[in-house]
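From a predicted model like this one, the values you see are computed outputs, not experimental measurements. Note on naming: letters A, B, ... go to the chains in the order of the sequence lines (proteins, then strands), and numbering restarts at 1 for each one.
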Amino acid sequence: MSITIQFPDGDSRQYDSAMTPLQIASDISEGLGRVAIAAELDGEPVDLSRQIDTGDHTLRILTRHDPESLKVLRHTAAHIMANAVRNLYGDKVQYTVGPALMDDFQYGFYYDFDLPESLSTDDLGKIESEMKRIIKARTPLERIELTPAEAKERMTAIGQEYKVRMIDDLLTAENVETISFYNQGDFVDMCRGPHLPDTGKLKAFKLQTVAGAYWRGDENNKMLTRIYGTAFFDKKELAEHLERIEEARKRDHRILGKQLGLFTLSDEVGPGLPLWLPKGTIIRMELEGWLRGELLKRGYQAVMTPHIGRLDLYRTSGHYPYYEHGLFPTLPMGEDDGYLLKPMNCPHHIQIYKSSQRSYRELPIRFSEFGTVYRFEKSGDLNGLTRVRGFTQDDAHIFCSPQQLEVEITSCVELTKLVLDTLGLNDYRVRIGLRDPDSSKYTGSSENWNLAEQNIRNVVRDVGLDYTEESGEAAFYGPKIDFVINDCIGREWQLGTIQVDYNLPERFALEYIGSDNAPHRPIMIHRAPLGSPERFIGILIEHFAGAFPLWLAPVQVAVLPVSEKCADYATEQTRILKDNGIRAELDDSPEKIGAKIRRATLDKVPYMLILGQKEADAGTVAVRHRTEGDFGAVGIDGFIADIRTEIETKGSQCVADRVLETEDR
RNA sequence: GCCGACGUAGCUCAACGGUAGAGCACAGCUUUCGUAAAGCUGAGGUUGUGGGUUCGAUUCCCACCGUCGGCCCCA
């Protein structure tokens, strides 16, 4: 018998009896044996106790510095939690799945149980204590392999119905020959592994929350109890992680929106119907105003349409009844069919297209509108500004010929990138949403869908975007390019979207007269670079932690007289700023200057002008930046010129930066 | 919609069977002050809504509404 083990560094070793990765690691060095977590044998993750009998193999010993190790650690943590839950709640507990989470911002693992009783967060402490007991016992995790028949028999015997179903699925999907289990003392769980060698290796973990989760994510199935937790190699990393979550929560747009007076939600108006306060409205108007200008440059024509339309319009479009569950109920109109609050702007824009005969000479036609739409989101889905029931889309519909299509899509992609770049939102991913081939929720022919999907792929390839393709993410009328961004706690939100649509033009029988004097069918692009100002600003609040760049800041300059003696001078300077289009606010409260500075700073006002007797005498203003501190006194004209530059360049030329550069020299 | 938690002054929180309190914010007065919190006084609450248990409910129970964390779905 001979085994040859090849290591990643090119080194190799030979053994003439069966070895385990742990033995091999210890053979390399005692220290490596001690710190080994798991191993990768011929590219497959395995336990340290995996028997290697014969042949040539490649082997990587995984230590805590390999990312795969954390996954093993967390996966074992999930098992230890399951063991604890079994100990506490008895043999009636049904186990389902309990994976490690490596990409989630908050959570490190979960396990879904079917429990005889319901659980609350108060129970987590108890479960943690039991986990600690199991860890202290340093129970080894032993892998055993059974044939599918044996596995089913065993799981049936102990009443684990979900595991039986999982075995059946494994047989159908992968036609496996063996099913692996891990014994952990008297606790057995079906699992692919690998795991830590014993429970004592888990040093730092925390159970975070308990939530409901449908079996297999299907709402027709039973709701299981999911416990989320996380685990790290040491307590310091865990503490840092929990601290990071706490810090991130302070950026939460719902909290900042309240603190900074940007928006509010009123129970009496209705859930998911945000109300924009004056300061939030400024941000919206600035953002929308800028975008309107960019649209004008790009040949868009603004249009305006009402918030409701006849039910029949949405039958034609296909929104009704496909999307009925997502709509507010129909407004009844006696004999008439009734009206719907519009869930999308496209049918209205299509009617504008149809309001006259169109020639190929007009194409592409680009109708834009900040159109407010209404969708009846499930109550549990509502979330601050990021998921609401009444929201605006920075919408436009481009009607074009096949020859123009890809150029137009490209231009939409570039506009979306401009928006994200200008605001410094660099941390996003691009998703191409395709049909789910098994679903019937889409409208239109397969040929049209194939064409549209090809158009989209061509464009992203030419533009050079990194992207992932995901089936089932398409709109019901066509595939799309989505720009997806995370919120402060790592939840993904779709912002900008570009959708190619061959189907609605068909459903509405749209035409233009071609150069051949014959009617042709245009293709539509639906696109929204922000997606929705509501959601976009929600994300933006978190991105800037409420400290907006000067051009968006609700108050750009706080004018702070040192005492009431300088009130007249301060009033005059405020007047001058306002006359120059600067959003200035005078703080004429009887507070001391320190208190005024503190207030303006907490309100995240970018600039403060401190005005005392000195400034009044010299006819200057003392400039203070929110984060950079005192800049010294300058003439008001110079100050206005500087911040105007900063406003016009959307912060890319910042007064603070220039002053700091000067100081560096 | 489903599972779980939560809902007390404008905001952040306390009191948890004996009839509600603090800080900030707000109002009045005093102070006129130089780069992140001056002092005093005052006002502010049918404790989300509606039922129930109880001599008595903010506290215990039920229903509804809303919020939060998840699941599903989506801009």
Side-chain angles (χ1 to χ4, degrees), chain A residues 106-107 110 112 115 118-123 208-228 249 252 254-255 258-259 261 264-268 270-272 323 325-326 343-344 373 375-388 391-395 433 441 472-473 475-476 480 482-484 489 491-497 499 526 528 530-536 538-539 560-567 590-602 608-615 622-626 629-632:
Chain A
Q106 297 189 77
Y107 306 125
Y110 67 81
D112 285 351
L115 287 171
S118 68
L119 227 59
S120 81
T121 40
D122 297 340
D123 300 312
Q208 291 162 294
T209 192
V210 41
Y214 297 107
W215 163 241
R216 292 189 173 141
D218 185 336
E219 63 183 326
N220 299 311
N221 289 338
K222 184 165 184 186
M223 175 140 303
L224 306 171
T225 303
R226 173 173 297 183
I227 303 176
Y228 280 100
R249 292 210 165 125
D252 189 319
R254 293 164 299 190
I255 294 168
K258 196 178 274 182
Q259 276 172 7
T264 190
L265 289 153
S266 155
D267 193 357
E268 283 160 79
Y323 262 37
H325 65 278
M344 285 182 175
V373 297
R375 299 182 187 175
F376 196 81
E377 300 292 347
K378 291 183 206 161
S379 58
D381 288 344
L382 299 174
N383 187 282
L385 287 180
T386 48
R387 187 51 138 309
V388 293
F391 64 97
T392 307
Q393 295 179 315
D394 57 326
D395 213 352
K441 72 171 186 178
E473 292 291 335
F476 77 92
K480 53 183 187 161
D482 288 332
F483 291 74
V484 181
I489 55 169
R491 289 178 295 209
E492 286 198 328
W493 300 101
Q494 177 193 316
L495 297 182
T497 182
Q499 310 170 349
H526 310 237
L530 304 177
S532 147
E534 285 84 356
R535 178 179 286 180
F536 193 88
I539 294 294
L560 312 179
V562 171
S563 81
E564 277 173 32
K565 286 179 186 161
C566 335
E591 297 290 341
K592 291 167 77 170
I593 191 66
K596 294 184 189 185
I597 289 170
R598 177 179 158 81
R599 189 185 315 179
T601 307
L602 292 178
M608 289 163 249
L609 297 184
I610 318 292
L611 303 183
Q613 203 53 53
K614 271 188 296 188
E615 288 75 22
V623 180
R624 181 186 164 97
H625 185 264
R626 190 180 65 83
D630 193 357
F631 285 0

Assign Phe376(A) to base, sugar-phosphate, or nothing according to its heavy-atom contacts below 4.0 angstrom with the strands shown.
-> nothing
Could you give the CD1-to-P distance, from Ile593(A) to C33(B), as a whole number of Å?
-> 12 Å
Would you classify Gly594(A) as touching base, sugar-phosphate or nothing, given that sugar-phosphate means primed atoms plus P, OP1 and OP2, and contacts are heavy atoms under 4.0 Å?
-> sugar-phosphate
Base, sugar-phosphate, or nothing: which does Gln494(A) touch, judged by heavy atoms less than 4.0 Å apart?
-> sugar-phosphate
Which residue lies toward the 5' end of RNA chain B, Ser120(A) or Gly217(A), if each is placed at its nearest nucleotide?
-> Ser120(A)
Please work out if Arg491(A) contacts a base, only the sugar-phosphate, or nothing of the nucleic acid, heavy-atom cut-off 4.0 Å.
-> sugar-phosphate
Looking at every strand, decide which applies to Ala528(A) at a 4.0 Å heavy-atom threshold: base, sugar-phosphate, or nothing.
-> nothing
Under 3.5 Å donor-acceptor pair, Tyr214(A) side-chain atoms to G70(B) base atoms = no
Would you confirm whether Gln393(A), through its side chain, and Ala528(A), through its main-chain N or O, come within 3.5 Å as a donor-acceptor pair?
-> no
Roughly, in whole Å, what's the span from CE in Met223(A) to C1' in C2(B)?
-> 4 Å
Whole angstrom is fine here: how far is it from CZ in Phe483(A) over to P in C74(B)?
-> 20 Å
Distance only, no hydrogens: is a donor on one side chain within 3.5 Å (strictly under) of an acceptor on the other, for Glu268(A) and Ser266(A)?
-> no
With heavy atoms under 4.0 Å as the rule, sort Asp267(A) into base, sugar-phosphate or nothing.
-> sugar-phosphate
Atom CZ of Arg624(A) and atom C1' of A36(B): how far apart are they, to the nearest Å?
-> 7 Å
Lys480(A) with Asp482(A): basic N within carboxylate O range, under 4.0 Å = yes
When you match Tyr107(A) and Arg216(A) each to their closest nucleotide on RNA chain B, which lands nearer the 5' end?
-> Tyr107(A)
Across the strands shown, which category fits Phe536(A) at heavy-atom distances under 4.0 angstrom: base, sugar-phosphate, nothing?
-> nothing
Protein-nucleotide distance (Lys378(A), atom NZ; G69(B), atom P), rounded to Å | 17 Å
Got a donor-acceptor pair under 3.5 Å from the side chain of Glu377(A) to the base of A75(B)?
-> yes
Check: Arg375(A) side chain, C73(B) base, donor-acceptor under 3.5 Å = no
Glu534(A) side chain to Thr392(A) main-chain N or O, any donor-acceptor pair under 3.5 Å?
-> yes
